[in-house]
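We number each residue from 1, following the sequence as shown.
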Amino acid sequence: MARATETERINVNIYIDKAVAHRLHEFARQQAMWKGRLVEAAIIEYLNKIEPRAGTT
């Protein structure tokens, strides 16, 4: 089996780093979107609870 040269090893490591960074970026973006939706849903739920009370005062 042929051994990888130092340059080939560096290239593979760079590729892996870029792939991992891209996946982490995607994951973070999805988490932010999910958390954004969660916060938005919580705000709407809170406002829906307050609105009926505001009409009675």
Side-chain angles (χ1 to χ4, degrees):
M1 206 165 144
R3 294 184 67 111
T5 66
E6 189 62 26
T7 303
E8 287 169 334
R9 265 188 251 148
I10 290 168
N11 288 342
V12 167
N13 286 338
I14 289 170
Y15 172 78
I16 290 169
D17 289 347
K18 282 182 183 176
V20 169
H22 180 71
R23 285 196 188 138
L24 285 172
H25 175 69
E26 278 297 306
F27 177 73
R29 195 174 59 78
Q30 288 169 3
Q31 287 295 308
M33 282 171 55
W34 179 79
K35 284 180 183 167
R37 285 195 204 116
L38 192 68
V39 168
E40 188 179 355
I43 290 168
I44 290 167
E45 188 179 329
Y46 177 72
L47 290 174
N48 287 341
K49 284 180 184 175
I50 289 176
E51 234 171 66
R53 283 191 224 145
T56 59
T57 53

*Any idea which heavy atoms bring E8 and R3 closest together, and the distance?*
OE1-O, 4.3 Å
*What distance separates Q31 CD from L38 CG, expressed to the nearest 0.5 Å?*
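With rounding to 0.5 Å, CD (Q31) is 10.5 Å from CG (L38).
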*Rounded to the nearest 0.5 Å, what separation is found between the CG atom of N11 and the OG1 atom of T5?*
7.5 Å
_E26 bridged to R23 by N-O distance under 4.0 Å_ = no
*Full working for salt bridge (Lys or Arg N to Asp or Glu O under 4.0 Å) between R9 and E6*: CA-CA 5 Å; R9 265 188 251 148; E6 189 62 26; 3.3 Å; yes
_Same apolar cluster: M33 and L24, side chain cutoff 4.5 Å_ = no
